[in-house]
Undergrad: 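Have a look at this one before I ask anything.
Computed from a prediction, not measured in an experiment: that's the story for all the values here. All values below were derived from every heavy atom in this structure, side-chain atoms included, with hydrogens, water molecules and symmetry-related copies excluded.
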Amino acid sequence: TLEAAFTLPIAILVMVAVINFGMVVFAQQAVQAAVRHGARMGSVSQDCGACRAVSEARSAISSASLVQNASVVVLAPGGSAGSILKLRVSGQVPNLFAGLGAIFPGLPSGPFNVSAEATFRQEGW
């Protein structure tokens, strides 16, 4: 019983850390996929590439319910054929350790930030 009292909290802490790390990796992959999809759709659009890119990236990141407070920013608008279209998608992932900061000092207390950028050349024909 004494051994279980010492090892169980540590085992639970390690398990929660692995789950939290998996959530961050999943969210990072979702953000990268959304920004690539948005930038690609914007680069092949013939009317307003930046508008289409933002719309597609927002719809793609909204399907990943784990990413909260997602934002899409156009860094380079593209426009004419051969110009650069660049997007950034960022968001936050909830932290499972947020309430444990008082018990275990040094643990991160806020949400984790994830972001990704994609650059495509505007196509035209």
Side-chain angles (χ1 to χ4, degrees):
T1 306
L2 189 60
E3 289 175 355
F6 283 125
T7 58
L8 190 62
I10 295 171
I12 290 173
L13 187 66
V14 168
M15 185 173 36
V16 170
V18 168
I19 291 170
N20 209 5
F21 180 72
M23 288 172 40
V24 171
V25 169
F26 174 79
Q28 181 65 38
Q29 293 297 320
V31 167
Q32 287 177 351
V35 76
R36 274 194 316 268
H37 176 70
R40 176 66 183 148
M41 291 295 109
S43 72
V44 298
S45 177
Q46 294 301 309
D47 48 359
C48 180
C51 304
R52 175 96 187 265
V54 169
S55 171
E56 293 287 333
R58 281 191 182 140
S59 67
I61 197 62
S62 68
S63 66
S65 59
L66 185 61
V67 180
Q68 300 172 347
N69 302 326
S71 67
V72 180
V73 178
V74 177
L75 301 176
S80 61
S83 62
I84 298 294
L85 174 68
K86 187 172 185 178
L87 285 181
R88 177 186 300 140
V89 175
S90 58
Q92 295 179 333
V93 181
N95 185 0
L96 300 178
F97 289 118
L100 298 176
I103 300 169
F104 300 104
L107 290 178
S109 59
F112 295 104
N113 297 319
V114 290
S115 68
E117 293 182 4
T119 304
F120 278 78
R121 188 167 301 277
Q122 185 75 38
E123 296 181 10
W125 49 87

Undergrad: Please check this pair: side chain of S45 against backbone of M41, looking for a donor-acceptor N/O pair closer than 3.5 Å.
TA: no
Undergrad: Quick one: do F120 and V73 end up in the same hydrophobic cluster if we chain Ile, Leu, Val, Met, Phe, Trp and Tyr together by side-chain heavy atoms under 4.5 Å apart?
TA: no
Undergrad: Provide the closest heavy-atom pair for Q68 versus P94 in the form atom of the first, atom of the second, distance.
TA: NE2-CG, 4.0 Å
Undergrad: Taking all atoms of both residues into account, what is the closest heavy-atom pair of A39 and L85, and its distance?
TA: O-CD2, 3.6 Å
Undergrad: Out of curiosity, N69 CG to Q92 CD, how far, rounded to the nearest 0.5 Å?
TA: 4.5 Å
Undergrad: So which atom in L87 and which in A57 form the shortest heavy-atom distance, rounded to 0.1 Å?
TA: CD1-CB, 4.3 Å
Undergrad: Is it the case that the side chains of N113 and S115 hold a donor-acceptor pair, with the cut-off being a distance below 3.5 Å and no angle test?
TA: no
Undergrad: To the nearest 0.5 angstrom, please state how far the CZ atom of R121 sits from the OG atom of S83.
TA: 8.5 Å
Undergrad: Would you please test L2 and F6 for side-chain contact (heavy atoms from CB on, under 4.5 Å) and show each step?
TA: CA-CA 7 Å; L2 189 60; F6 283 125; 3.9 Å; yes
Undergrad: Measure the spacing between OG of S63 and CZ of R58 and express it to the nearest 0.5 Å.
TA: 14.5 Å
Undergrad: Can you tell me how far CG of L66 sits from CD of Q28, rounded to the nearest 0.5 angstrom?
TA: 12.0 Å
Undergrad: With a 4.5 Å cut-off on side-chain heavy-atom distances among I, L, V, M, F, W and Y, is there a chain of contacts connecting I12 to M23?
TA: yes
Undergrad: To the closest 0.5 Å, what do you measure between SG (C51) and CD (E56)?
TA: 12.0 Å
Undergrad: What is the minimum heavy-atom distance between Q32 and A116, and which atoms define it?
TA: CG-CB, 3.6 Å
Undergrad: Check R40 with E123, please: is the shortest side-chain N to carboxylate O separation under 4.0 Å?
TA: yes
Undergrad: Are V16 and V93 grouped together when hydrophobic residues (ILVMFWY) are joined by side-chain heavy atoms under 4.5 angstrom apart?
TA: yes
Undergrad: Between N20 and F112, is the side-chain contact (heavy atoms from CB on, under 4.5 Å) condition met? List the steps.
TA: CA-CA 10 Å; N20 209 5; F112 295 104; 3.4 Å; yes
Undergrad: Tell me whether the count of non-hydrogen atoms from other residues, nucleotides or ligands lying under 6.0 Å of CZ in F26 goes above 12.
TA: no
Undergrad: In a check of side-chain contact (heavy atoms from CB on, under 4.5 Å) between E117 and each of L75, V35, V89, which one passes?
TA: L75
Undergrad: Quick check: is L8 connected to L13 through a chain of hydrophobic side chains (ILVMFWY, heavy atoms under 4.5 Å apart)?
TA: yes
Undergrad: Does one hydrophobic cluster hold both V74 and I61, with members joined at side-chain heavy-atom distances below 4.5 Å?
TA: yes
Undergrad: Less than 4.5 Å apart, any side-chain heavy atom of S71 and any of S90?
TA: yes
